[in-house]
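Both ligands and their constituent atoms are indexed starting at 1 by order of listing.
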Amino acid sequence: MCGNDFAPDETGLLAEVERAERALLTAPEAPRGAAAEAPTGALHFDELIAAEQKIEPRDWMPDAYRKTLIRQIAQHAHSEIIGMQPEGNWISRAPTLKRKAILLAKVQDEAGHGLYLYAAAETLGINRDELVEMLVSGRQKYSSIFNYPTLTWADIGAIGWLVDGAAIVNQVPLCRCSYGPYARAMIRICKEESFHQRQGYEILYTLSHGTAGQKAMAQDAVDRWWYPSLAMFGPPDGDSTHSEQSMAWKIKRFSNDDLRQKFVDMCVPQAEILDLKLPDPDLHWNAEEGRHHYTQPDYTELMRVIKGDGPCNRQRMAHRRRAHDDGAWVREAAAAYAKKKAAA
Ligand SMILES: [Fe+2]
Ligand SMILES: [Fe+2]
C-alpha cells in the first residue's frame with residue numbers, strides 16, 4: 001500500500017478519476033434531456049444540470065452560479081500558488097539530489113495547477129489580473145493549511161501524505177463538477193495529486209523505517225499536520241454556508257463531513273503500514289456504523305487562521321506580494337512583445 005489511490009480495483013480514487021474522464025468524453029453524445037428543446041435561459045440550464053451534462057462558458061447560467069464558481073475556482077488557484085511556499089522552503093535543503101528533483105517537480109506541478117485554474121476562472125468572465133489583485137489585497141482567501149510552517153524535512157512527507165491526500169479526496173468529486181472547464185482541469189490535477197501523495201507517503205515510510213531519530217521526526221510531523229489536514233474539508237456540515245446550493249448545482253457532490261470521514265478511513269490503515277500513530281487517542285473503528293470514530297479538528301482555530309491569524313499568514317502574503325512586484329518586468333516585457341507582434 002503506498003497511497004490513497006492504492007486500491008488497484010474499481011474502488012480506488014484514480015479509478016474514479018478515470019470513470020469521470022470517460023463520462024466527460026462521452027457526455028456530448030449522451031441524451032441532453034429536455035435541454036435540447038429549451039435552447040436558452042434558465043430552463044436550459046436546469047435541464048443540463050438534471051441530465052448530468054456540463055455547463056460550458058457559452059451557456060446561459062445564473063449569476064449566482066457564476067459568482068460561486070469564480071469564488072471557488074479562484075480560491076483553489078490561490079491555494080495552489082501559495083501552497084508552493086511551505087514546500088519551496090525545503091528545495092535547497094532536500095537530503096539527496098533525487099529527493100530534490102522530486103520535490104522540484106511537485107512544486108512545479110502546483111504552479112501548473114494554479115495556471116489551469118486561473119484559466120478555468122477566466123472562462124467565467126473575470127481576468128487574471130483581477131484575480132491576482134484579489135489575492136494580494138486579501139479580498140480572496142486561500143486554503144488555511146498553507147499558513148502552517150514546515151519545520152523539518154519530515155514535514156515534506158507529512159504534507160504529501162496528508163495535505164495532498166486530503167486535497168485528492170476533496171478534488172476527485174470535482175472531476176464531475178457541472179462546470180465543464182473546472183471538471184476538465186480537475187481530472188489532470190487529480191492525476192498529479194496522486195503522485196504528490198505517493199511521494200509524501202514514501203518519504204514518511206523511509207523515515208519511519210530509519211533511525212529512532214528519523215522515526216521521531218516523522219511522528220512529530222504527523223502529529224502537527226493531522227488536525228490541520230482534517231480542517232481542510234471545511235467547517236462541519238451544520239455550519240457550512242455555501243454547501244446546499246453548491247450541491248443542488250452539482251458543483252459539490254459530497255458534504256464536508258462525508259469527505260472528512262472518507263479521508264480518516266483511508267488514513268488509518270496507511271498509518272499502520274507507516275508504523276506511525278495518528279495523534280487522536282479517541283480514534284477507533286465503530287463496527288456498527290462501519291466507520292472510524294475520530295476527534296474533530298479545532299474549528300475555532302480554523303476560523304482564526306482563515307481570518308489571517310495563523311502562524312505564517314503574514315509571511316505567506318508578504319512573500320506573494322514581493323514575488324508579484326518582482327515579476328512586474330516580465331509581465332511588461334511580455335505585453336510589449338505581444339503588442340509588437342500584433343502590430344507586425
Ligand atoms: Fe495541486
Ligand atoms: Fe499537490
Side-chain angles (χ1 to χ4, degrees), residues 2-6 12-14 16-17 20-21 72-91 94 99-121 128 131-132 135 140-150 153-175 177 181-204 221-222 225-226 228-234 259 262-263 266-267 270 312 316 320 323:
C2 58
N4 281 350
D5 59 343
F6 170 72
L13 286 175
L14 270 188
E16 176 50 30
V17 173
E21 188 172 18
Q72 181 172 336
I73 300 174
Q75 191 169 316
H76 193 163
H78 301 329
S79 304
E80 302 282 358
I81 298 297
I82 298 281
M84 294 164 74
Q85 290 186 38
E87 290 178 294
N89 180 34
W90 279 90
I91 290 174
R99 293 287 186 206
K100 185 177 177 134
I102 295 171
L103 183 58
L104 255 178
K106 191 226 184 228
V107 173
Q108 265 178 338
D109 278 355
E110 306 301 5
H113 297 174
L115 297 187
Y116 310 153
L117 290 164
Y118 282 129
R128 173 92 170 265
L131 294 168
V132 172
L135 170 66
Q140 273 183 344
K141 302 284 179 217
Y142 56 87
S143 176
S144 62
I145 192 79
F146 302 117
N147 292 314
Y148 291 87
T150 41
W153 171 250
D155 287 27
I156 301 304
I159 289 184
W161 180 42
L162 295 173
V163 176
D164 290 277
I168 191 172
V169 171
N170 235 328
Q171 292 172 9
V172 164
L174 290 172
C175 295
C177 159
Y182 194 26
R184 288 189 287 273
M186 289 320 302
I187 285 175
R188 180 150 176 193
I189 290 176
C190 282
K191 289 182 183 179
E192 292 173 352
E193 291 303 348
S194 140
F195 147 67
H196 299 170
Q197 199 262 350
R198 280 169 182 239
Q199 65 86 38
Y201 187 88
E202 208 263 331
I203 290 173
L204 285 181
V222 169
W225 288 95
W226 174 248
S229 302
L230 290 185
M232 282 174 72
F233 295 91
L259 291 170
K262 188 171 182 171
F263 176 68
M266 278 179 164
C267 287
Q270 293 173 5
C312 300
R316 300 286 184 245
R320 185 69 200 89

### Message
salt bridge (Lys or Arg N to Asp or Glu O under 4.0 Å) for E202 and R198? Distances and angles first, verdict last.
### Response
CA-CA 6 Å; E202 208 263 331; R198 280 169 182 239; over 6 Å; no

### Message
Classify the ring geometry of Y182 against H76: parallel below 30°, tilted from 30° to 60°, perpendicular beyond 60°.
### Response
perpendicular

#### Entry: K191 with E21: basic N within carboxylate O range, under 4.0 Å
yes

### Task
Could you tell me whether K262 atom NZ has more than 12 heavy atoms of other residues or ligands within 6.0 Å of it?
no

### Message
Please tell me whether D155 and Y148 have a donor and an acceptor in their side chains that are separated by less than 3.5 angstrom.
### Response
no

### Query
Do any protein N, O or S atoms sit under 2.8 Å from the Fe ion (ligand 1), and which ones are they?
E80 OE1, E110 OE1, H113 ND1, E193 OE2

### Task
For residues Y118 and H78, establish whether the separation of their ring centroids is below 6.0 Å.
yes

